[in-house]
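See structure below.
Counting starts at 1 for both ligands and their atoms, in listed order. As the structure is a prediction and not an experimental result, all values here were calculated from the model.
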Amino acid sequence: MKKENLPATLSTETTPKSTNENLAIKWERVVRRRSFLKGLGVTGATLSAGTLLATEGSAQTGQSTGALSTGDAALLKFAAWAEIVESDLWTQYNELGGVHGGNPAYMAALSNLDSDMPQYINDNTDDELSHAAFLNSFLLSKGEVPVDLEPFRTLQGSQATGAQDKLRLTSLLNLNVDLSWYTRYRSRENPDLGATFTGPFMITGEPAIPLNDTDTPPNQHQPVPPVTDPEKRMQAIANTAGFHFAFIEQGGSSLYPTLAFKATDPTVLRILVSIGGVEIDHFGLWHDKAGNAVSLPLAGVTDPETGVTFPNLNNPPTELTQTNKILPEPCDFISKGLPACSVIRPTLTKLGGAVATVKAFKADGLFQGQSFAFFRLAMQLALAADSARRGF
Ligand SMILES: [Fe+2]
Ligand SMILES: [Fe+2]
């Protein structure tokens with residue numbers, strides 16, 4: 001693993017300085033800023049809103065910037081790769097369980113987590129498709145080659161009612177869903193400062209979409225709690241999806257900040273920050289919904305095929321398990337000597353960056369059956385993105 005090499009301005013180490021030294025440094029900055037403004041012939045009084053808007057406009061419009069630097073192109077290309085992957089997996093969820101989905105029992109089991117689940121699945125899918133299409137179009141508009149994963153669309157998907165008969169990039173048929181994010185966001189410790197986390201229970205070898213109609217009949221009822229084995233199986237599959245949604249989107253929530261730190265062009269920074277914010281929005285939503293699979297009245301479902309169990313995490317309710325504690329707990333940030341701060345974590349490249357994302361998705365089972373060439377391209381794009389450095 002390459003050693004983290006953040007620019008000086010993003011150093012995670014805080015050098016202790018005396019109060020006098022700090023004051024001197026701050027004063028020096030004020031003096032420097034004033035002489036800079038004077039040099040421009042702009043004073044506080046004449047720095048009008050119009051001037052600021054004009055500056056913002058030229059910095060943020062696509063037309064005002066020239067070709068992308070190698071680093072900026074690499075950042076956007078990896079983002080495009082991730083969004084195409086997300087689009088593929090969300091499309092599979094949407095076909096079966098979205099608001100216009102085709103598998104009534106799966107939709108009913110998802111709705112047991114929240115009656116709005118099918119609508120949210122549909123809207124999340126739309127978001128990912130828009131992210132992928134926008135990023136590739138932006139790359140094209142800058143003379144870059146867009147990311148094309150079509151040659152890797154080789155995987156067989158679900159055979160259940162509702163799934164379209166087409167090949168996929170990702171597999172949702174046998175997942176190991178890492179649940180460490182559940183504990184991490186409830187803890188006041190931060191992986192960027194060395195903390196490690198395990199999830200509150202395990203989801204291993206579990207499908208997140210129905211496999212076929214024999215395994216889970218598409219028109220069966222889905223009572224709460226489920227009674228028959230096929231009902232239990234379908235509910236466990238829907239519960240897995242609920243946790244998988246949050247796993248994917250917390251990955252995006254960490255990835256985008258790590259990419260944004262490295263952007264040079266203000267428009268590239270704007271794109272990364274703006275799309276990244278939507279990933280965080282998704283994560284917050286799914287974090288809430290997943291909790292309904294592990295609280296009453298639904299808690300306690302066991303998949304009769306795999307033995308995966310969704311326990312009641314409110315029995316007893318602890319700081320690290322209570323299901324309605326979905327907002328990030330303030331945690332260590334930058335330095336353990338500073339006050340706890342409620343932030344996205346991790347945001348260090350080695351933990352949340354592009355290579356880390358590819359590895360996490362692979363460990364999840366998302367790419368089961370993919371070719372060596374698929375992984376080679378993924379790692380090439382990821383290494384290029386992680387190696388980008390901010391430069392002015
Ligand atoms: Fe996205
Ligand atoms: Fe996403």
Side-chain angles (χ1 to χ4, degrees), residues 74-95 97-99 110 116-139 146-149 168-172 175 177-179 181-182 184-185 208-209 240-260 263 267-290 326 328 344-347 352-354 356-367 378 381-382 385:
L75 296 172
L76 294 182
K77 283 184 184 182
F78 185 76
W81 177 91
E83 296 294 350
I84 294 168
V85 165
E86 278 197 300
S87 295
D88 181 78
L89 70 93
W90 274 107
T91 296
Q92 295 182 62
Y93 283 125
N94 194 36
E95 285 173 17
V99 73
L110 288 163
D116 285 326
M117 287 285 274
Q119 184 63 54
Y120 297 154
I121 290 169
N122 185 266
D123 291 347
N124 202 133
T125 308
D126 282 351
D127 291 354
E128 308 305 358
L129 290 165
S130 80
H131 292 165
F134 177 86
L135 286 163
N136 260 347
S137 295
F138 185 80
L139 283 164
V147 177
D148 178 16
L149 299 185
R168 318 287 179 169
L169 289 172
T170 63
S171 172
L172 300 170
L175 297 182
V177 186
D178 178 1
L179 302 178
W181 53 268
Y182 189 96
R184 189 196 323 141
Y185 273 100
I209 50 176
T240 299
F243 278 95
H244 194 238
F245 298 163
F247 164 76
I248 292 292
E249 301 302 319
Q250 63 81 34
S253 302
S254 282
L255 171 66
Y256 274 93
T258 76
L259 300 179
T267 305
V268 173
L269 179 61
R270 186 183 186 191
I271 292 169
L272 294 171
V273 168
S274 304
I275 293 179
V278 172
E279 304 296 332
I280 297 167
D281 187 21
H282 292 163
F283 168 49
L285 171 75
W286 297 124
H287 190 169
D288 186 37
K289 302 309 161 204
I326 59 159
I344 291 299
R345 66 270 211 174
T347 51
T357 300
V358 174
K359 286 183 174 174
F361 283 8
K362 187 168 185 262
D364 180 50
L366 201 55
F367 302 137
L381 292 171

Residues in side-chain contact (heavy atoms from CB on, under 4.5 Å) contact with Val147, at least two apart in sequence or another chain: Lys77, Ala80, Trp81, Ile84, Asn136, Leu149, Leu381
Heteroatoms of the protein, restricted to N/O/S, which lie under 2.8 Å from the Fe ion (ligand 2): Glu86 OE2, Glu128 OE2, Glu249 OE1, Glu249 OE2, Glu279 OE1
Short side-chain to backbone donor-acceptor contact, Ser254 and Pro346, under 3.5 Å: yes
Close side-chain approach of Thr267 to Phe138, heavy-atom, < 4.5 Å: yes
Considering all heavy atoms, the nearest Leu175-Leu366 contact: CD2-N, 4.1 Å
Phe283 and Trp181 aromatic ring geometry - parallel, tilted or perpendicular at 30°/60° bounds: perpendicular
Ring centroid separation Tyr120 to Phe245 under 6.0 Å: no
